[in-house]
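These values consider heavy atoms only, across backbone and side chains, with no hydrogens, waters or symmetry-generated copies. This chain uses plain numbering: 1 for the first residue, then up along the sequence.
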Amino acid sequence: MGIAYRLDPRLGCTFVVWDRTVTAEVWRAHLDRMFSDPAFPAGRRCLADLSTAGEAPSITGEIIEEMGKRFNVEFEVRTLMRLAMIPNGQLGKGATTHRP
């Protein structure tokens, strides 16, 4: 599956799910797609569920930092959104990359 997202304006939340193997390229393409969606954001909250993500060998600390910076820039422009992540054992280190 890769990465999918759903916008729920009623709840004011963007839901993101990572499933199976996700590469850095898949993550970049997902962010490009989501950030260019005219309906994004659905509100001030974004919940990312990484619990079903599998292997992610190409997602290094540098890639996580790069994506965290993209989120920070995007969220500052888009009215101080908040991101929450449900990590799995492999990707838990990503929870520390986005500043509160």
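- Val16 pairs by the side-chain contact (heavy atoms from CB on, under 4.5 Å) definition with Ile3, Tyr5, Thr14, Trp18, His30, Met34, Cys46, Ala48, not counting sequence neighbours.
- Counting heavy atoms of neighbouring residues, nucleotides and ligands inside a 6.0 Å radius, atom CD of Glu25 exceeds 12 of them.
- Remark: Phe35 pairs with Phe40, Phe71 by the ring-ring contact (aromatic ring centres under 6.0 Å, His included) rule, at least two apart or across chains.
- Not counting sequence neighbours, the partners of Arg28 by the side-chain hydrogen bond (donor to acceptor under 3.5 Å, both in side chains) test are Glu66.
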Please determine whether side-chain contact (heavy atoms from CB on, under 4.5 Å) holds for the pair Thr23 and Ile59, giving the CA-CA distance in whole Å, both sets of side-chain angles, and the decisive distance to 0.1 Å. CA-CA 6 Å; Thr23 65; Ile59 299 182; 6.0 Å; no
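- By the salt bridge (Lys or Arg N to Asp or Glu O under 4.0 Å) test, Asp32 is found to be paired with Arg70, residues two or more places apart in sequence or in another chain being considered.
- Counting all heavy atoms, side chain and backbone alike, Ala42 lies closest to Cys13 at CB-O, 3.4 Å.
- In this view, Arg6 and Asp8 satisfy the salt bridge (Lys or Arg N to Asp or Glu O under 4.0 Å) rule, not counting sequence neighbours.
- The closest side-chain heavy-atom distance from Trp27 to Ile63 is below 4.5 Å.
- Separating the CG atom in Leu11 from the CZ atom in Arg45 is a distance of 7.5 Å, to the nearest 0.5 Å.
- Looking at heavy atoms from C-beta onward, Leu31 lies in side-chain contact with Met67 at the 4.5 angstrom threshold.
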